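Values in this document were obtained by computation on a predicted structure and should not be read as measured data.
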Amino acid sequence: GRGAVAISVFVANLRGEGRRPACLRSVFAQEPDEVLLVDSGSTDGAETKAEAEFDLRLIRLDGNLGPSAARNRGLAEARHDRVLLIDNDVVLMDGALSILSEVLDADEGLSLVQARSLLSGEGFHPDDPQQALVHYDGATFHYLGLLALRHWYAPLREMGEAKVAPVDCAISLCCLGRRSDLLAAGGYDEATFSRWEDTGLAYALRLMGKRIAGAEAAVCWHGGGTQDLSTRGSKARLPKQRSFLQSRNRWIFILTSFRLWNLFLLFPGYVAYGFVHLAFVVSQGHLGPWLRGKWALVGLLPTLRRRRRALQAIRTVPDKALLSSPDLTFNPGLAETAPRRLLRRSLDLCLRSWFSLVRGVMR
(Lines give C-alpha, C1' and ligand atoms only; values in the text may rest on other atoms or scores of the structure.)
Protein backbone atom coordinates (compact mmCIF):
# COMPACT_ATOMS: atom_id res chain seq x y z
CA GLY A 1 0.00 0.00 0.00
CA ARG A 2 0.84 3.68 -0.01
CA GLY A 3 1.39 3.90 3.73
CA ALA A 4 -0.57 5.90 6.28
CA VAL A 5 0.12 9.42 4.98
CA ALA A 6 -2.89 10.96 3.22
CA ILE A 7 -2.31 12.26 -0.31
CA SER A 8 -4.10 14.90 -2.35
CA VAL A 9 -3.83 14.68 -6.14
CA PHE A 10 -4.48 17.65 -8.37
CA VAL A 11 -4.69 17.40 -12.13
CA ALA A 12 -3.98 20.49 -14.22
CA ASN A 13 -6.48 20.41 -17.10
CA LEU A 14 -7.01 22.43 -20.27
CA ARG A 15 -9.13 21.14 -23.15
CA GLY A 16 -8.41 17.62 -21.96
CA GLU A 17 -11.35 15.63 -23.27
CA GLY A 18 -9.16 13.54 -25.56
CA ARG A 19 -6.71 12.48 -22.83
CA ARG A 20 -8.28 13.35 -19.48
CA PRO A 21 -10.22 10.06 -18.98
CA ALA A 22 -7.09 7.86 -19.17
CA CYS A 23 -5.24 10.17 -16.80
CA LEU A 24 -8.00 10.19 -14.19
CA ARG A 25 -8.60 6.44 -14.42
CA SER A 26 -4.90 5.85 -13.70
CA VAL A 27 -5.02 8.32 -10.79
CA PHE A 28 -8.04 6.72 -9.13
CA ALA A 29 -6.50 3.27 -9.58
CA GLN A 30 -3.76 4.41 -7.14
CA GLU A 31 -6.45 5.04 -4.46
CA PRO A 32 -5.50 8.58 -3.39
CA ASP A 33 -7.31 10.28 -0.53
CA GLU A 34 -8.43 13.32 -2.52
CA VAL A 35 -8.49 14.27 -6.22
CA LEU A 36 -8.86 17.81 -7.51
CA LEU A 37 -9.27 18.76 -11.16
CA VAL A 38 -8.06 22.32 -11.69
CA ASP A 39 -9.50 23.47 -14.99
CA SER A 40 -8.05 26.43 -16.90
CA GLY A 41 -11.12 27.57 -18.79
CA SER A 42 -11.76 24.51 -20.95
CA THR A 43 -14.42 24.84 -23.65
CA ASP A 44 -14.67 21.18 -24.69
CA GLY A 45 -16.74 20.02 -21.70
CA ALA A 46 -13.91 17.84 -20.35
CA GLU A 47 -14.19 19.23 -16.86
CA THR A 48 -17.98 18.72 -16.63
CA LYS A 49 -17.74 15.13 -17.85
CA ALA A 50 -14.94 14.44 -15.39
CA GLU A 51 -17.00 15.76 -12.49
CA ALA A 52 -19.90 13.50 -13.46
CA GLU A 53 -17.74 10.40 -14.00
CA PHE A 54 -15.32 10.58 -11.06
CA ASP A 55 -15.46 11.34 -7.35
CA LEU A 56 -13.36 14.49 -7.55
CA ARG A 57 -13.49 18.16 -6.64
CA LEU A 58 -13.65 20.47 -9.66
CA ILE A 59 -11.97 23.87 -9.39
CA ARG A 60 -12.56 26.27 -12.27
CA LEU A 61 -10.11 29.08 -13.01
CA ASP A 62 -11.19 32.29 -14.72
CA GLY A 63 -9.78 31.38 -18.12
CA ASN A 64 -6.44 29.94 -19.18
CA LEU A 65 -4.04 31.39 -16.62
CA GLY A 66 -1.38 28.80 -17.36
CA PRO A 67 -0.15 25.68 -15.54
CA SER A 68 1.67 27.81 -12.95
CA ALA A 69 -1.62 29.33 -11.75
CA ALA A 70 -3.41 25.98 -11.96
CA ARG A 71 -0.81 24.26 -9.80
CA ASN A 72 -0.77 27.09 -7.29
CA ARG A 73 -4.53 26.85 -6.97
CA GLY A 74 -4.19 23.12 -6.40
CA LEU A 75 -1.61 23.75 -3.69
CA ALA A 76 -3.91 26.27 -2.03
CA GLU A 77 -6.96 23.98 -2.13
CA ALA A 78 -5.38 20.62 -1.22
CA ARG A 79 -6.42 19.24 2.16
CA HIS A 80 -3.27 17.19 2.78
CA ASP A 81 0.43 18.00 3.01
CA ARG A 82 1.38 15.28 0.52
CA VAL A 83 0.40 16.42 -2.95
CA LEU A 84 0.74 14.71 -6.32
CA LEU A 85 0.97 17.21 -9.17
CA ILE A 86 0.02 15.63 -12.48
CA ASP A 87 -0.86 16.95 -15.93
CA ASN A 88 -3.85 15.67 -17.88
CA ASP A 89 -1.68 14.03 -20.58
CA VAL A 90 0.03 11.73 -18.06
CA VAL A 91 -1.00 8.13 -17.31
CA LEU A 92 0.37 6.48 -14.15
CA MET A 93 1.53 2.89 -14.24
CA ASP A 94 0.39 0.54 -11.47
CA GLY A 95 1.99 1.26 -8.11
CA ALA A 96 3.59 4.55 -9.15
CA LEU A 97 2.03 6.59 -6.34
CA SER A 98 3.00 3.99 -3.74
CA ILE A 99 6.63 4.12 -4.87
CA LEU A 100 6.72 7.92 -4.83
CA SER A 101 5.19 7.94 -1.36
CA GLU A 102 7.66 5.38 -0.01
CA VAL A 103 10.59 7.44 -1.33
CA LEU A 104 9.27 10.61 0.32
CA ASP A 105 8.55 8.72 3.58
CA ALA A 106 12.11 7.45 3.73
CA ASP A 107 13.84 10.85 3.61
CA GLU A 108 12.63 13.88 5.55
CA GLY A 109 15.02 16.13 3.63
CA LEU A 110 13.26 15.45 0.32
CA SER A 111 10.67 18.01 -0.76
CA LEU A 112 9.81 16.70 -4.21
CA VAL A 113 10.06 13.35 -6.01
CA GLN A 114 9.52 12.96 -9.74
CA ALA A 115 8.20 9.89 -11.51
CA ARG A 116 10.09 8.63 -14.55
CA SER A 117 8.06 9.55 -17.63
CA LEU A 118 8.16 7.50 -20.81
CA LEU A 119 7.33 8.97 -24.17
CA SER A 120 3.91 8.31 -25.67
CA GLY A 121 3.74 8.61 -29.44
CA GLU A 122 7.31 8.22 -30.68
CA GLY A 123 8.50 4.93 -29.20
CA PHE A 124 5.14 4.26 -27.52
CA HIS A 125 4.87 0.65 -26.30
CA PRO A 126 2.29 0.56 -23.48
CA ASP A 127 2.40 -3.24 -23.24
CA ASP A 128 6.20 -3.42 -23.27
CA PRO A 129 7.74 -0.44 -21.45
CA GLN A 130 11.26 -1.80 -21.98
CA GLN A 131 10.91 -0.76 -25.65
CA ALA A 132 10.04 2.80 -24.67
CA LEU A 133 12.08 6.00 -24.65
CA VAL A 134 12.62 8.01 -21.48
CA HIS A 135 11.18 11.51 -21.74
CA TYR A 136 11.68 13.23 -18.38
CA ASP A 137 13.82 11.78 -15.60
CA GLY A 138 14.79 14.89 -13.64
CA ALA A 139 17.40 17.44 -14.61
CA THR A 140 20.56 19.35 -13.65
CA PHE A 141 20.74 23.15 -13.39
CA HIS A 142 22.90 24.90 -16.00
CA TYR A 143 24.18 28.36 -15.09
CA LEU A 144 22.59 29.66 -18.31
CA GLY A 145 19.21 29.25 -16.66
CA LEU A 146 18.60 26.05 -18.62
CA LEU A 147 18.16 22.41 -17.62
CA ALA A 148 20.30 19.49 -18.74
CA LEU A 149 17.76 16.66 -18.89
CA ARG A 150 18.73 13.23 -17.57
CA HIS A 151 18.39 10.27 -19.94
CA TRP A 152 16.69 12.47 -22.57
CA TYR A 153 15.19 10.17 -25.25
CA ALA A 154 17.30 7.26 -24.00
CA PRO A 155 15.92 3.72 -24.48
CA LEU A 156 14.56 2.43 -21.19
CA ARG A 157 16.24 -0.94 -21.75
CA GLU A 158 19.63 0.80 -21.39
CA MET A 159 18.86 2.36 -18.00
CA GLY A 160 19.78 -0.57 -15.79
CA GLU A 161 18.22 -1.20 -12.39
CA ALA A 162 15.83 1.51 -11.27
CA LYS A 163 17.05 3.61 -8.35
CA VAL A 164 16.28 6.77 -6.42
CA ALA A 165 18.56 9.42 -7.90
CA PRO A 166 19.26 12.92 -6.57
CA VAL A 167 18.35 15.58 -9.16
CA ASP A 168 18.41 19.37 -9.21
CA CYS A 169 15.00 19.81 -10.76
CA ALA A 170 11.81 17.77 -11.03
CA ILE A 171 9.71 18.30 -14.16
CA SER A 172 6.22 19.02 -12.88
CA LEU A 173 4.25 16.71 -15.14
CA CYS A 174 4.15 14.06 -12.37
CA CYS A 175 5.68 14.78 -8.93
CA LEU A 176 4.88 14.02 -5.32
CA GLY A 177 5.81 16.79 -2.93
CA ARG A 178 5.38 18.23 0.54
CA ARG A 179 2.80 21.01 0.21
CA SER A 180 4.27 22.96 3.14
CA ASP A 181 7.71 23.07 1.48
CA LEU A 182 6.32 24.07 -1.91
CA LEU A 183 4.36 26.91 -0.35
CA ALA A 184 7.36 28.03 1.72
CA ALA A 185 9.33 28.22 -1.53
CA GLY A 186 6.71 30.58 -2.97
CA GLY A 187 4.94 28.08 -5.22
CA TYR A 188 5.10 28.44 -8.98
CA ASP A 189 5.95 31.81 -10.50
CA GLU A 190 2.74 32.80 -12.29
CA ALA A 191 4.58 35.47 -14.30
CA THR A 192 6.00 32.63 -16.41
CA PHE A 193 2.54 31.32 -17.41
CA SER A 194 4.22 28.14 -18.70
CA ARG A 195 7.81 26.86 -19.05
CA TRP A 196 10.54 27.52 -16.49
CA GLU A 197 7.93 27.45 -13.72
CA ASP A 198 9.18 24.08 -12.47
CA THR A 199 12.81 25.25 -12.79
CA GLY A 200 12.05 28.27 -10.63
CA LEU A 201 10.27 26.26 -7.94
CA ALA A 202 13.01 23.62 -7.84
CA TYR A 203 15.70 26.29 -7.49
CA ALA A 204 13.77 27.95 -4.67
CA LEU A 205 13.55 24.64 -2.84
CA ARG A 206 17.28 24.07 -3.29
CA LEU A 207 18.01 27.61 -2.06
CA MET A 208 16.17 26.62 1.12
CA GLY A 209 18.43 23.59 1.53
CA LYS A 210 15.77 21.10 0.46
CA ARG A 211 16.46 18.19 -1.87
CA ILE A 212 14.75 16.69 -4.91
CA ALA A 213 14.91 13.16 -6.30
CA GLY A 214 13.80 11.05 -9.21
CA ALA A 215 12.15 7.72 -8.40
CA GLU A 216 12.98 5.67 -11.46
CA ALA A 217 10.75 2.75 -10.48
CA ALA A 218 7.67 5.01 -10.42
CA VAL A 219 6.70 5.10 -14.08
CA CYS A 220 4.20 7.13 -16.07
CA TRP A 221 3.47 7.65 -19.77
CA HIS A 222 3.62 11.23 -21.01
CA GLY A 223 1.25 12.08 -23.85
CA GLY A 224 1.25 14.79 -26.48
CA GLY A 225 2.10 17.78 -24.31
CA THR A 226 0.53 21.22 -24.56
CA GLN A 227 -0.87 22.37 -27.89
CA ASP A 228 1.17 25.21 -29.49
CA LEU A 229 3.97 24.72 -26.93
CA SER A 230 5.32 21.18 -26.98
CA THR A 231 7.77 19.89 -29.58
CA ARG A 232 7.87 16.15 -30.23
CA GLY A 233 10.12 14.12 -32.49
CA SER A 234 13.00 14.94 -34.80
CA LYS A 235 10.81 16.50 -37.53
CA ALA A 236 8.59 18.69 -35.36
CA ARG A 237 8.79 22.43 -35.94
CA LEU A 238 9.32 24.74 -32.99
CA PRO A 239 6.10 26.66 -32.12
CA LYS A 240 6.41 30.47 -32.11
CA GLN A 241 4.88 30.69 -28.66
CA ARG A 242 7.69 28.52 -27.35
CA SER A 243 10.29 30.98 -28.66
CA PHE A 244 8.42 33.83 -26.99
CA LEU A 245 8.31 32.03 -23.66
CA GLN A 246 11.97 31.02 -23.78
CA SER A 247 13.00 34.59 -24.64
CA ARG A 248 11.11 35.90 -21.61
CA ASN A 249 11.00 33.13 -19.02
CA ARG A 250 14.64 32.09 -18.96
CA TRP A 251 15.49 35.63 -17.87
CA ILE A 252 12.62 35.72 -15.39
CA PHE A 253 14.30 32.76 -13.71
CA ILE A 254 17.85 34.14 -13.93
CA LEU A 255 17.00 37.64 -12.71
CA THR A 256 14.94 36.46 -9.75
CA SER A 257 17.06 33.50 -8.62
CA PHE A 258 20.78 34.30 -8.93
CA ARG A 259 22.85 36.74 -6.88
CA LEU A 260 23.75 39.92 -8.78
CA TRP A 261 27.47 39.32 -8.34
CA ASN A 262 27.11 35.93 -9.99
CA LEU A 263 25.12 37.43 -12.87
CA PHE A 264 28.04 39.78 -13.49
CA LEU A 265 30.55 36.90 -13.44
CA LEU A 266 28.47 34.65 -15.68
CA PHE A 267 27.48 37.34 -18.18
CA PRO A 268 30.06 36.35 -20.87
CA GLY A 269 28.51 32.87 -20.92
CA TYR A 270 25.07 34.41 -21.35
CA VAL A 271 26.36 36.48 -24.28
CA ALA A 272 27.93 33.44 -26.01
CA TYR A 273 24.78 31.38 -25.69
CA GLY A 274 22.62 34.36 -26.61
CA PHE A 275 24.29 34.81 -30.00
CA VAL A 276 23.93 31.12 -30.84
CA HIS A 277 20.31 30.99 -29.72
CA LEU A 278 19.43 34.18 -31.57
CA ALA A 279 20.88 32.72 -34.79
CA PHE A 280 18.67 29.67 -34.29
CA VAL A 281 15.62 31.86 -33.59
CA VAL A 282 16.21 33.80 -36.82
CA SER A 283 16.65 30.55 -38.79
CA GLN A 284 13.22 29.44 -37.52
CA GLY A 285 11.58 32.73 -38.51
CA HIS A 286 10.88 33.54 -34.86
CA LEU A 287 12.65 36.87 -34.43
CA GLY A 288 9.32 38.62 -33.78
CA PRO A 289 8.28 36.34 -30.88
CA TRP A 290 11.83 36.56 -29.47
CA LEU A 291 11.71 40.38 -29.47
CA ARG A 292 8.21 40.37 -27.93
CA GLY A 293 9.54 38.15 -25.17
CA LYS A 294 12.28 40.64 -24.33
CA TRP A 295 9.80 43.54 -24.35
CA ALA A 296 7.43 41.61 -22.09
CA LEU A 297 10.33 41.03 -19.70
CA VAL A 298 10.85 44.77 -19.36
CA GLY A 299 7.20 45.21 -18.41
CA LEU A 300 7.56 42.58 -15.67
CA LEU A 301 10.52 44.18 -13.91
CA PRO A 302 8.51 45.47 -10.89
CA THR A 303 7.01 41.99 -10.43
CA LEU A 304 10.45 40.41 -10.75
CA ARG A 305 11.90 42.67 -8.08
CA ARG A 306 9.26 41.51 -5.61
CA ARG A 307 9.83 37.84 -6.37
CA ARG A 308 13.59 38.35 -6.20
CA ARG A 309 13.34 39.82 -2.70
CA ALA A 310 11.18 36.90 -1.58
CA LEU A 311 13.57 34.29 -2.99
CA GLN A 312 16.70 35.87 -1.60
CA ALA A 313 15.02 36.06 1.83
CA ILE A 314 14.70 32.25 2.00
CA ARG A 315 18.21 31.56 0.68
CA THR A 316 20.47 29.35 2.82
CA VAL A 317 22.59 27.90 -0.03
CA PRO A 318 24.92 29.81 -2.40
CA ASP A 319 24.46 29.70 -6.17
CA LYS A 320 27.91 28.16 -6.59
CA ALA A 321 26.69 25.06 -4.77
CA LEU A 322 23.73 24.64 -7.14
CA LEU A 323 24.96 25.68 -10.58
CA SER A 324 27.17 23.81 -13.01
CA SER A 325 27.92 23.63 -16.73
CA PRO A 326 26.77 20.24 -18.06
CA ASP A 327 26.35 19.56 -21.77
CA LEU A 328 23.26 21.28 -23.11
CA THR A 329 20.19 19.22 -24.01
CA PHE A 330 18.65 19.62 -27.47
CA ASN A 331 15.53 18.19 -29.08
CA PRO A 332 16.23 15.14 -31.27
CA GLY A 333 17.30 16.15 -34.77
CA LEU A 334 18.15 19.72 -33.80
CA ALA A 335 21.93 19.35 -33.62
CA GLU A 336 22.61 16.19 -35.59
CA THR A 337 24.15 17.57 -38.78
CA ALA A 338 27.96 17.75 -38.74
CA PRO A 339 28.17 21.58 -38.57
CA ARG A 340 25.59 21.75 -35.78
CA ARG A 341 27.32 18.99 -33.81
CA LEU A 342 30.56 20.93 -34.05
CA LEU A 343 28.82 24.14 -32.94
CA ARG A 344 27.18 22.33 -30.05
CA ARG A 345 30.46 20.81 -28.82
CA SER A 346 32.27 24.13 -29.21
CA LEU A 347 29.57 25.99 -27.29
CA ASP A 348 29.60 23.44 -24.46
CA LEU A 349 33.39 23.71 -24.25
CA CYS A 350 33.34 27.52 -24.15
CA LEU A 351 30.61 27.60 -21.53
CA ARG A 352 32.32 25.00 -19.36
CA SER A 353 35.70 26.74 -19.64
CA TRP A 354 34.28 30.10 -18.56
CA PHE A 355 32.38 28.55 -15.65
CA SER A 356 35.55 26.83 -14.40
CA LEU A 357 37.33 30.21 -14.44
CA VAL A 358 34.75 32.11 -12.39
CA ARG A 359 33.23 29.46 -10.14
CA GLY A 360 35.83 29.97 -7.43
CA VAL A 361 34.77 33.59 -6.85
CA MET A 362 31.03 33.00 -7.13
CA ARG A 363 28.85 33.48 -4.08
### Summary
Tracing side-chain contacts under 4.5 Å among Ile, Leu, Val, Met, Phe, Trp and Tyr outward from L349 reaches none
### Query
When you measure from the side chain of W152 to the backbone N and O of F330, does any donor-acceptor pair fall under 3.5 Å?
yes
### Query
Where the side chain of S324 meets the backbone of F141, is there a donor-acceptor pair that is under 3.5 Å apart?
yes
### Message
Using a 4.5 Å cut-off between side-chain heavy atoms of Ile, Leu, Val, Met, Phe, Trp and Tyr, which other residues end up in the same hydrophobic cluster as L85?
### Response
F10, L36, V38, I59, L61, L65, L75, V83, L112, V167, L182, L183, Y188, L201, L205, I212
### Query
Is any side-chain N of the basic residue among D107 and R211 closer than 4.0 Å to the acidic one's carboxylate O?
yes
### Query
Nearest 0.5 Å, what's the OG-CD distance between S172 and Q114?
8.0 Å
### Query
Are R82 and D105 within salt-bridge range, i.e. N to O under 4.0 Å?
yes
### Query
Quick one: CD on E216 to CD on E161, what's the gap to the nearest 0.5 Å?
10.0 Å
### Pairs flagged by side chain to side chain donor-acceptor pair (under 3.5 Å) wherever residues 256-265 is involved - sequence neighbours left out
N262-D319
### Task
With side chain to side chain contact (heavy atoms under 4.5 Å, CB included) as the test, would you mind laying out the steps for R57 and E34 before giving the verdict?
CA-CA 8 Å; R57 184 152 52 105; E34 176 189 38; 2.5 Å; yes
### Message
Let me confirm one number: the OH-CG distance from Y136 to L147, rounded to the nearest 0.5 Å.
### Response
9.5 Å
### Query
So, D137 and R116, do they make that salt bridge, N to O below 4.0 Å?
yes
### Task
Could you tell me whether D87 and R71 make a salt bridge, using a distance below 4.0 angstrom between a side-chain N and a carboxylate O?
yes
### Task
Among W251, Y143, F267, Y203, find the residue that satisfies the ring-ring contact (aromatic ring centres under 6.0 Å, His included) test when tested with F258.
Y203
### Message
I need the Q241 CD to H286 NE2 distance, nearest 0.5 Å.
### Response
11.0 Å
